[in-house]
Amino acid sequence: MVHIISKRDGPHREETAAKDFIQKNRTKIDAVANHLTGGRWQELRNPTPPPQPQPSGKLWYTPPGRPREAEPYVRISLNGRVVIADLASGRQLHFVGELRGKGQSRYFALATRENGLFEPLDEEIRKVLADLEGASVPDETSEQRLEQVISGRLGLDAVAKSAE
């Protein structure tokens, strides 16, 4: 014996009967639901938007803080970027260069287009630091020495000592 099961288009008779029953008795269903939920059922069905805040007439203005002068110092970050940063905020002021290579073969590369960097150094800073291009920086003491040399050449000695 073979049973052929096919889907019909449209809703089933039971679904249509249930929808009609709910539609005819909507007011009674809402009344019972409101009674059981303490009136929250009606609020859920017809939500009212929250009232808009009324202006009080007061204007609040917070004046910006007094602009401070930047306190630049030289910093070599963990990823090998050599930058001039602000001591108070930590923001980068100038990108000087980067340490390239690994281990004992690390060297300093100035931020120039020849070294593949898009944002080159200012011309005056580049002239002051030009002879440091390719300087060997194999360990942490060499990094500290490089920071001191760059600080000294750029006139950042006083700030660098206060950063320590």
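Numbering of residues begins at 1 and proceeds along the displayed sequence.
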Sequence neighbours excluded, the answer for side-chain hydrogen bond (donor to acceptor under 3.5 Å, both in side chains) partners of Ser77 is Asn79

Closest non-hydrogen contact found for Ser142 with Pro138 is OG-CD, 3.4 Å

| After noting the C-alpha distance and the side-chain angles of Leu121 and Thr112, does the key distance pass the side chain to side chain contact (heavy atoms under 4.5 Å, CB included) rule? | CA-CA 6 Å; Leu121 263 173; Thr112 60; 5.7 Å; no

Self-check item: Within one Ile-Leu-Val-Met-Phe-Trp-Tyr cluster: Leu99 and Val149, side-chain cutoff 4.5 Å
Solution: yes

CA sep, side-chain torsions, deciding dist, call: Val32, Lys28, side chain to side chain contact (heavy atoms under 4.5 Å, CB included)
CA-CA 6 Å; Val32 170; Lys28 285 285 188 188; 5.5 Å; no

Contact between Leu146 and Ile76 at the side-chain level, heavy atoms closer than 4.5 Å - yes or no?
yes

Contacts of Glu133 meeting side-chain contact (heavy atoms from CB on, under 4.5 Å) (sequence neighbours excluded), chain-then-number -> Ala109, Leu110, Asn115

Between Ala70 and Leu93 the two heavy atoms that sit nearest each other are CB-CD1, 4.1 Å

Hits for side-chain contact (heavy atoms from CB on, under 4.5 Å) against Glu15, two or more places apart or cross-chain, chain-then-number order -> Pro11, His12

Taken in chain and number order and not counting sequence neighbours, the residues that satisfy salt bridge (Lys or Arg N to Asp or Glu O under 4.0 Å) with Arg100 are Glu98

Checking Ser105 side chain against Gly101 main chain: does a donor-acceptor pair fall under 3.5 Å?
no

Sorted by chain and number, sequence neighbours left out, side-chain hydrogen bond (donor to acceptor under 3.5 Å, both in side chains) with Thr141 holds for Asp139

ask   = Just wondering, are more than 12 heavy atoms of other shown residues or ligands nearer than 6.0 Å to CD in Glu140?
value = no

Tested for side-chain contact (heavy atoms from CB on, under 4.5 Å) against Tyr73, the lone hit among Ile84, Leu154, Leu87, Leu156 is Leu87

Review point. Does the pair Phe108 and Val82 meet the rule for a side chain to side chain contact (heavy atoms under 4.5 Å, CB included), with working shown?
Key: CA-CA 9 Å; Phe108 175 65; Val82 181; 3.7 Å; yes

For Asp131, the side-chain hydrogen bond (donor to acceptor under 3.5 Å, both in side chains) test, sequence neighbours excluded, returns Arg153

Besides Phe95, the hydrophobic cluster formed by Ile, Leu, Val, Met, Phe, Trp and Tyr side chains linked at under 4.5 Å, directly or via other members, contains Val83, Leu117

Contacts satisfying salt bridge (Lys or Arg N to Asp or Glu O under 4.0 Å) that involve residues 79-96 (not counting sequence neighbours) are none

What one should report as the nearest heavy-atom pair of Gly90 and Ala85 is O-CB, 4.3 Å

I'd like to know if Glu124 and Lys127 make a salt bridge, using a cut-off of under 4.0 Å between side-chain N and carboxylate O. no

dist Glu147:CD -> Ile150:CD1 (nearest 0.5 Å) comes out at 8.0 Å

Tracing side-chain contacts under 4.5 Å among Ile, Leu, Val, Met, Phe, Trp and Tyr outward from Trp41 reaches none

So CZ of Arg40 and CD of Gln42: to nearest 0.5 Å the spacing works out to 13.5 Å

Tracing side-chain contacts under 4.5 Å among Ile, Leu, Val, Met, Phe, Trp and Tyr outward from Ile29 reaches Ile22

Hits for salt bridge (Lys or Arg N to Asp or Glu O under 4.0 Å) against Glu143, two or more places apart or cross-chain, chain-then-number order -> Arg106

Those residues at least two apart in sequence (or on a different chain) that pass side-chain hydrogen bond (donor to acceptor under 3.5 Å, both in side chains) with Arg75 are none

